[in-house]
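Notes follow the structure.
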Amino acid sequence: RVGEVGVDGEGGGERQRQDLLRQLVDLQDRLRSGEQSISFLSLDVVGSTQLKQNADSLSVEYTFTEYHNWVSWIVTKYGGKVHSTAGDGVTCAFEHPQQAYSAARYMQSGIVELNAFKNKIGSPIVLRAGIHYGVVNAPAGEDITKLNFASVIDIAAHMQKVAPAGGIAVSEAAAEYVPGGAAAIGGEQVEISNTKGWVWQPRALAIGGGSGPPALPALPDGA
């Protein structure tokens with residue numbers, strides 16, 4: 001009888017284990033239901049502290065408010081959302097890397113116009129941009145802008161930090177979805193936190209010469 005109890009006990013333990021495994025798989029499936037692939041664009045103003053120190057407070061407030069409005073307008077036109085802002089830094093979310101890349105190029109090319117008509121601080125605003133693409137997990141129905149903790153966001157910020165002034169650093173994961181791939185972005189390669197990327201710069205900067213601002217990429221249809 002003791003042996004029978006032992007067998008029954010082992011059988012009960014195995015059934016309990018299988019039940020727990022089924023519950024675990026069910027929980028994992030529910031958590032994965034919020035998985036989606038998102039492209040993040042990280043922007044920052046080069047030397048913003050010094051720019052502000054050299055201008056009066058009203059000019060600073062006006063100029064940087066116009067800058068944030070301008071970024072938000074472009075992001076919306078390219079089908080994205082402003083995910084978050086921290087000081088002068090802006091993080092933007094897009095469904096596809098091509099949208100993020102096109103928006104970033106439009107910003108880097110169009111900043112000339114913003115400086116000409118909306119900048120009141122006496123020195124030009126110069127941007128650095130970084131893009132990364134990967135999987136995030138946002139609960140079903142949740143706005144992606146409420147997601148704050150994801151390595152995809154962190155890597156986009158890392159890419160931004162190694163981008164040259166006026167340029168865009170595009171991670172390997174994002175570059176493969178850009179028409180023409182990495183070769184179409186540029187020949188300069190960067191790497192940070194074990195993530196490779198390629199750098200786009202306006203043609204005049206890339207070749208060290210040229211005259212006039214680069215042409216702006218076209219806005220999406222209907223914009």
Indicate the ring-plane relationship of Y133 and H96, choosing parallel, tilted or perpendicular according to the 30° and 60° boundaries. tilted

Between the CE atom in M159 and the CD atom in E172, the distance rounded to the nearest 0.5 Å is 9.5 Å

Can you hop from V60 to W70 via hydrophobic side chains spaced under 4.5 Å?
-> yes

Closest non-hydrogen contact found for M107 with L127 is CB-CD1, 4.3 Å

Note: V82 and S72 closest approach over all heavy atoms is CG2-CA, 3.9 Å

Review point. Are V126 and I111 close enough that some pair of their side-chain heavy atoms sits under 4.5 Å apart?
Key: no

Here the gap from H83 atom NE2 to I38 atom CD1, rounded to the nearest 0.5 Å, amounts to 9.5 Å

One should read off an interatomic distance between E176 CD and S171 OG, to the nearest 0.5 angstrom, of 9.0 Å

Closest non-hydrogen contact found for A129 with L41 is CB-CD1, 3.9 Å

Q | Side chains of I121 and N54 in contact at under 4.5 Å (non-hydrogen atoms) | A | no

Rounded to the nearest 0.5 angstrom, the CG-NE2 distance for N194 and H158 is 10.5 Å

**Q.** Pair V190-W198, side-chain contact (heavy atoms from CB on, under 4.5 Å): steps then yes or no
**A.** CA-CA 6 Å; V190 293; W198 282 265; over 6 Å; no

Between the CZ atom in F94 and the CD1 atom in I131, the distance rounded to the nearest 0.5 Å is 8.0 Å

Minimal heavy-atom distance between N119 and P124, with the atoms involved, is ND2-CA, 3.6 Å

Is there a side-chain contact (heavy atoms from CB on, under 4.5 Å) between Q160 and L43 once you walk through the steps?
CA-CA 7 Å; Q160 176 261 117; L43 299 166; 5.9 Å; no

query = Should I155 and V135 be regarded as members of a common hydrophobic cluster, given that ILVMFWY residues are connected when their side-chain heavy atoms come within less than 4.5 Å of each other, either directly or indirectly?
reply = no

Item to complete: Could you tell me whether the side chain of Q201 reaches within less than 4.5 Å of the side chain of V199, counting heavy atoms only?
Response: yes

ask   = Given Y106 and K77, is the side-chain contact (heavy atoms from CB on, under 4.5 Å) satisfied, shown in steps?
value = CA-CA 11 Å; Y106 193 94; K77 289 295 183 182; over 6 Å; no

In this structure, NZ of K52 is separated from OG of S57 (nearest 0.5 Å) by 12.0 Å

When you compare the side chain of H132 with that of S39, does any pair of heavy atoms fall below 4.5 Å?
no

*Taking it one step at a time, do Y101 and I185 satisfy side-chain contact (heavy atoms from CB on, under 4.5 Å)?*
CA-CA 9 Å; Y101 179 62; I185 295 170; 4.0 Å; yes

### Message
When you measure from the side chain of D88 to the backbone of S48, do you find a donor-acceptor pair of N or O atoms at a distance under 3.5 Å?
### Response
no

Quick note, side chain to side chain donor-acceptor pair (under 3.5 Å) partners involving residues 58-69, not counting sequence neighbours, are D56-S59

Here the pair of heavy atoms bringing L51 nearest to S123 is CD2-CB, 3.5 Å

What one should report as the nearest heavy-atom pair of G166 and P202 is O-CD, 3.2 Å

So the salt bridge (charged side-chain N to carboxylate O under 4.0 Å, His left out) pairs with at least one residue in residues 125-134 (sequence neighbours excluded) are D44-R128

